[in-house]
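All values below were derived from every heavy atom in this structure, side-chain atoms included, with hydrogens, water molecules and symmetry-related copies excluded.
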Amino acid sequence: MALRSKRSQAPKPIFISKHADDYSEVYCEECGSGESPGELLLCDECDKGFHLFCLRPILVSVPKGSWFCPSCSKQKMPKSFPLVQTKIIDFFRIKRSTESTQKPSQGKQKILGCGFVDFVLIDGLKKRKRSSSLVMSKKRRKLLPFNPSEDPERRLEQMRSLATALTASGTEFSNELTYRPGMALRSANQPALEKGGMQVLTKEDAETLNLCKRMMNRGEWPPLMVVFDPEEGFTVEADRFIRDLTIITEYVGDVDYLKNRENDDGDSMMTLLHAANPSQSLVICPDKRGNVARFINGINNHTQEGKKKQNLKCVRYDVNGECRVLLIANRDISKGERLYYDYNGYEHEYPTEHFV
């Protein structure tokens with residue numbers, strides 16, 4: 001299983017501030033306690049203290065540079081992305097159909113009356129119907145493709161919600177692993193280097209993954225809505241019923257060596273390759289380029305109540321000789337249910353004890 005990586009950077013001492021000599025005691029404005037001083041953060045405007053874990057949304061690590069508390073930063077609800085089809089299609093680089101004269105009934109679906117986008121009919125997906133549960137219990141359980149919302153206007157709303165979150169976080173949309181100059185080369189992504197070996201995605205499951213990618217390229221989106229919660233920040237919820245073992249999304253972003261990111265204050269890095277030789281270990285960094293995966297929250301795996309929230313599993317696979325990370329439903333998910341997975345696969349390094 002995969003996990004989000006915890007950086008080794010130690011939190012800054014709270015007494016290092018521009019007016020440090022003025023303080024004999026510092027306490028958290030939220031809980032009133034001065035305990036856990038290594039996790040108290042001073043506002044660079046009002047000099048008041050806040051525990052990282054008392055903030056909403058919480059901060060996992062001390063941010064680089066200046067930081068301002070909610071009052072001084074005048075936090076506002078993120079501005080919604082325009083509900084304009086052409087802008088959304090351009091934002092996600094959805095492939096436009098060249099056969100714009102073809103009728104929707106002939107395999108095309110018109111979205112909001114502005115051009116046509118290829119549409120994989122739900123009936124077409126039903127042809128891939130799996131065996132009955134009785135038969136499946138005797139065989140290896142296969143991954144399922146996501147089932148898009150039938151209503152094209154609803155799909156546009158779903159895409160808009162993700163565009164809003166990506167824009168607010170300054171992230172460019174990408175649905176693939178990206179290899180940038182100065183970071184890890186594609187040739188470094190070798191499943192054979194995985195400590196203890198990496199499970200291989202079967203040919204049939206790889207075809208299902210490719211089907212999901214093709215659907216998204218045509219504007220067929222997973223039935224997910226990104227919402228902003230004052231307690232959790234951006235989070236993701238199911239916009240229709242999702243079956244167990246459905247591929248939700250791939251975790252994507254820039255691929256880099258873990259050794260290059262040990263002092264990175266980002267909170268969304270994901271292990272891609274846990275190599276026997278630590279210098280060859282790779283992480284996915286979605287802070288510049290990413291998709292809906294970076295907004296799916298983690299459980300508090302220190303409490304039973306937190307563990308009950310988990311409805312996804314995060315799994316690393318060898319896919320045609322390349323390490324890939326998939327988020328997969330690990331049970332049936334009801335419409336409106338928020339998505340959660342365990343950030344700690346087996347290394348147990350990510351601090352989740354203060355997660356909501």
Could you check whether any side-chain N or O of [X] sits under 3.5 Å from a backbone N or O of [Y], counting only pairs where one atom can act as donor and the other as acceptor?
| X | Y | value |
| --- | --- | --- |
| Asp332 | Asp244 | yes |
| Arg160 | Pro82 | no |
| Gln310 | Tyr341 | no |
| Glu153 | Arg155 | no |
| Ser174 | Glu176 | yes |
| Arg294 | Pro286 | yes |
| Ser281 | Ala275 | yes |
| Asn291 | Glu250 | yes |

| Does atom NZ of Lys87 have more than 12 heavy-atom neighbours from other groups under 6.0 Å away? | no
| message | With a 6.0 Å cut-off (strictly less than), is the heavy-atom count around CG of Asn320, excluding the residue itself, greater than 12? | response |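 Counting other residues, nucleotides and ligands, CG of Asn320 stays at 12 neighbours or fewer.
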Indicate yes or no: at least one non-hydrogen side-chain atom of [X] is less than 4.5 angstrom from one of [Y].
| X | Y | answer |
| --- | --- | --- |
| Val325 | Cys314 | yes |
| Leu40 | Cys28 | yes |
| Met198 | Cys323 | yes |
| Leu312 | Ile333 | yes |

| task | Could I get the full list of side chain to side chain contact (heavy atoms under 4.5 Å, CB included) partners for Ser279, not counting sequence neighbours? | result |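 Here the qualifying residues are Lys259, Asn277.
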| task | Could you tell me which residues satisfy side chain to side chain contact (heavy atoms under 4.5 Å, CB included) with Ser334, sequence neighbours excluded, listed by chain and number? | result |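 Checked Ser334 against side chain to side chain contact (heavy atoms under 4.5 Å, CB included); matches are Glu337.
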| message | Please evaluate residues Ser80 and Phe228 with respect to the criterion side chain to side chain contact (heavy atoms under 4.5 Å, CB included), reporting the C-alpha separation (whole Å), side-chain torsions for both, the decisive distance (0.1 Å), and the verdict. | response | CA-CA 11 Å; Ser80 294; Phe228 185 80; over 6 Å; no
| said: Below 30° counts as parallel, above 60° as perpendicular, anything between as tilted: where do the rings of Phe92 and Phe173 land? | reply: perpendicular
| query | Do NZ/NE/NH1/NH2 and the carboxylate oxygens of Asp254 and Lys288 come within less than 4.0 Å? | reply |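 Answer for the salt bridge query: no.
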Straight-line distance of [X] [atom1] to [Y] [atom2], nearest 0.5 Å:
| X | Y | atom1 | atom2 | value |
| --- | --- | --- | --- | --- |
| Thr235 | Leu339 | OG1 | CG | 7.5 Å |
| Thr164 | Leu83 | OG1 | CG | 9.5 Å |
| Lys95 | Ile89 | NZ | CD1 | 14.0 Å |

| Donor + acceptor pair across side chains of Tyr179, Asn189 (<3.5 Å) |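 Yes.
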| request: Take Thr202 and Leu143 through the test side chain to side chain contact (heavy atoms under 4.5 Å, CB included) and record every step on the way to the result. | output: CA-CA 10 Å; Thr202 67; Leu143 300 183; over 6 Å; no
| query | Out of Val236, Asn297, Val227, Asn311, which one pairs with Arg338 under the side-chain contact (heavy atoms from CB on, under 4.5 Å) rule? | reply |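 So, applying the side-chain contact (heavy atoms from CB on, under 4.5 Å) to Arg338 and each of Val236, Asn297, Val227, Asn311, only Val227 qualifies.
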| task | Please assess Asp239 against Ser149 for the test side-chain hydrogen bond (donor to acceptor under 3.5 Å, both in side chains), listing each intermediate value before the final yes or no. | result | CA-CA 8 Å; Asp239 204 35; Ser149 299; 4.5 Å; no
